[in-house]
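Some notes on the structure that comes next.
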Amino acid sequence: MSQYRAIRGMVDVLPDETPLWQMLEQTARDVLAAHGYAEIRTPIVESTELFARSIGEVTDIVEKEMYSFPDRNDDSLSLRPEGTASTVRAAVQHNLIQSPQRVWYMGPMFRYERPQKGRQRQFHQLGVETFGVAGPEQDAELLLMCRQWWTRLGINDVLTLELNTIGSPEARASYKAALTDYLRDHFDSLDEDSQRRLDTNPLRILDSKSVTTQAILDDAPSMAEYLDEESQRHHERLCQLLDMAGLTYTSNPRLVRGLDYYNKTVFEWTTDKLGAQATVCGGGRYDMMVGQFGGKATPASGFAAGLERLVLLMQTLNLDAIAAPDLYIVSSDENAFGQAMLEADRIRVEFPGLGVVQHLGGGSFKSQFKRADKSGAAWAMVFGAEEMVSGKVTLKALRANEEQMTLSREELDVFLGQLEQLTNEY
RNA sequence: GUGGCUGUAGCUCACCAGGUAGAGCACCGGAUUGUGGCUCCGGAGGUAGUGGGUUCGAGACCCAUCAGCCACCCCA
C-alpha cells in the first residue's frame, strides 16, 4: 500500500485503459470535424459567480457541489462543474456570437459528490455548444451528430433518446406556479425530498423516483397545457426532423434537466446498462443565457456527454481498444543493439505509420521474445550475431502462423512498406 | 449529505471457537546455452487499509478513521 492515494472521487486512468479513451476521443473529434464543429479551450477555473448565475443559485451543483476557494485577492473562484457557462462567457467576451458558431470542448469537470459507479468528483465531458440558430434544425443536427458518434463507438443499440420541451421561461413560470399549487395540496403525501424541492426547484419533483410521488403526479397539471405556441411548433418540427432521419426517441413529458438555464428542447441519452447513473449525455436549448451574460440576445443549444460513462458502457459491452506495436526489435549483444537502434530510428522515419518498439535492458533471446509476445506486436525483428555478419535481419511472425524469414535491407523495406499499408487500412 | 455492504500478495479470492497467512492468475528465472505463445519445475512478493481497544495472544471481536462498491440524492 503506497503512502499516497488519489483524492477521493478522482481516478487514475491507467495504460490499460487509455487506448479505449483515445479511441473514444478520436472518434468524437472525427465526427465533430465531419460536422464542421471547431474546438474551444477555456480555463478550468472561473469566478464562482459565473457558475452561480448560469447554472442557478438553488441547484445542487451550486449549493453544495462546487470546489470553490478564495484566490489571493479574496475573489471566489471555482473549478468548473460543467462547460457551458465558460463557453458562453468566452463566446461573449470575444464576440464569437456575431455569426452562428458551432464549438466543442473536452476536458475535466469537478463536482463534490459522493462517488459511486459512473459518478466521480473529477470526471470528463465532451461538450458541444452552438450559437445563433433559433430553429429546431440546430437541435436536430446535434442529435443526429450524437447518433453518428454512438454508431461509430458501437453503442447506439443500447442507448435511448428521451426528449421533452419545457417551453419558454414565461410558460415554464406559469406551469411552475400551477404545479406548485397542485402539489401543495398533497404536501403531506409527498416524499421528503420532494417536499423540500417544492420550495427550491418544484419542476425537479417531476422525475422523482418515489412511487407515491409519481402517483400524485399522474393527476398533476402537465407541461403541455401551459406550453406557448412557439415552443410547441419548435418541438413538433424537431420531432418531424428526427422522424425523417429515422432517429427514434421516447417522449418523456417529465424530463426536466437539473440546470436552470434550459428552455424549449431538453433531451437525455440513457442506457439501462450502467445502474443508477443512466444518463450518458444530456443537453438542450438555452436561448436566454448569452443575453444574461451581457451579449446580444442569441439563441443557443448544446449538450454534454460523460466520457467515463461512455467508457464504462463500452467496457460492459466488451468493446475494447488495444495499442500494440507492429514491430518488436530484439538483439543479442551490445554491438547488435547499437545496429538495431539505428535501424529502428531509420524505420520510424521512413515508415511513420508503423509502431516500432526496441527491447531495452538486455537479457536472453528467450526473455526478449517473451516481452515481444506480451507487447502484442505482430512481428519480432531479430538482430543477432548471424545478422551482424550477413547484414540481413530476421523477421518472425508472432500472431500469424508464418515461417520465419531473413531479409536483406532492400527486401525489408518492401516488406515494411506493405506492412505499413496494411496497418493503415483500419 | 443519508443508508447498506466491503477492505488479506499487482489482480480475483480462501483459511481461521481468536494462536503471528495460502491458492489461482500476473510477475521473475529455468527445462543442454539464437526464438515467444502450450506444458513442467523453481523463485520473489503481504507489519492482513490506517489508528486505537478487548485478550496471555487479533487479519479475524469492538470503536474510530480512510477508501471502495450499491442505493438515495444529484447528474455526465
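Reminder, nothing fancy here: chain letters follow the sequence lines and each chain counts from 1.
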Checking all strands, does [X] fall into the base, sugar-phosphate, or nothing category for heavy-atom contacts under 4.0 angstrom?
X       : result
G9(A)   : sugar-phosphate
Q122(A) : nothing
A380(A) : nothing
Q277(A) : base
V330(A) : nothing
E192(A) : nothing
A304(A) : sugar-phosphate
G127(A) : nothing

Would you say [N] has OP1 or OP2 under 4.0 Å from some side-chain N or O of [X]?
X       : N      : answer
K64(A)  : C73(B) : no
K209(A) : C72(B) : yes
R8(A)   : A67(B) : yes
K396(A) : U35(B) : no

> For RNA chain B, whose closest nucleotide is more 5', that of G118(A) or that of Y112(A)?
Replying inline: Y112(A)
> Which comes earlier along RNA chain B counting from the 5' end, the contact point of D60(A) or that of N401(A), where each point is its nearest nucleotide?
Replying inline: N401(A)
Atom-pair distance ([atom1] on [X]; [atom2] on [N]), nearest Å:
X       : N      : atom1 : atom2 : answer
E387(A) : U35(B) : CD    : P     : 12 Å
K370(A) : C27(B) : NZ    : C1'   : 10 Å
K366(A) : C38(B) : NZ    : C1'   : 12 Å
E113(A) : C74(B) : CD    : C1'   : 5 Å
Y262(A) : C75(B) : OH    : C1'   : 10 Å
L255(A) : C75(B) : CG    : P     : 11 Å
L312(A) : G68(B) : CG    : P     : 15 Å
R399(A) : U35(B) : CZ    : C1'   : 14 Å

> Does the side-chain ring of F365(A) lie flat on the base of U35(B), meaning centres under 5.5 Å and planes less than 30 degrees apart?
Replying inline: no
Under 3.5 Å on both distances, the Watson-Crick or G-U partner of [N]:
N      : value
G3(B)  : C70(B)
A44(B) : none
U54(B) : none
G34(B) : none
C25(B) : G10(B)

Nearest-neighbour nucleotide for the [X] side chain, [options] considered:
X       : options                : value
R197(A) : C73(B), A76(B), G36(B) : C73(B)
E386(A) : G36(B), A76(B), G34(B) : G34(B)
Q116(A) : A76(B), C74(B), A71(B) : A71(B)
D193(A) : G34(B), C28(B), C73(B) : C73(B)

Under 3.5 Å, is there any donor-acceptor pair linking the side chain of [X] to the base of [N]?
X       : N      : value
D373(A) : G36(B) : yes
Q404(A) : G34(B) : no
R114(A) : C73(B) : no
R204(A) : C73(B) : no

> Would you say the side-chain atoms of R121(A) pair up with the backbone N or O of Y112(A), donor to acceptor, closer than 3.5 Å?
Replying inline: no
> Does S390(A) reach the main-chain N or O of K392(A) with its side chain, forming a donor-acceptor pair under 3.5 Å?
Replying inline: yes
>> Taking the P atom in each of C25(B) and G43(B), what is the distance between them to the nearest angstrom?
In response: 16 Å
> Just one of N263(A), T130(A), D139(A) clears the side chain to side chain donor-acceptor pair (under 3.5 Å) bar with R285(A), so which one?
Replying inline: D139(A)
>> With a 4.0 Å cut-off on N to O distance, would you call R89(A) and E46(A) a salt bridge?
In response: yes
>> Taking the basic N atoms (NZ, or NE/NH1/NH2) and the acidic carboxylate oxygens, is any pair closer than 4.0 Å for R204(A) and D60(A)?
In response: no
> Mind checking whether F110(A) and Y67(A) have parallel, tilted or perpendicular rings, split at 30° and 60°?
Replying inline: perpendicular
>> Between S210(A) and T212(A), does the side-chain hydrogen bond (donor to acceptor under 3.5 Å, both in side chains) criterion hold? Intermediate values first, please.
In response: CA-CA 6 Å; S210(A) 157; T212(A) 54; 3.1 Å; yes
> Hey, does the Lys NZ or Arg CZ of K374(A) hover above the aromatic six-ring of F369(A), less than 6.0 Å from the centre and inside 45° of the axis?
Replying inline: no
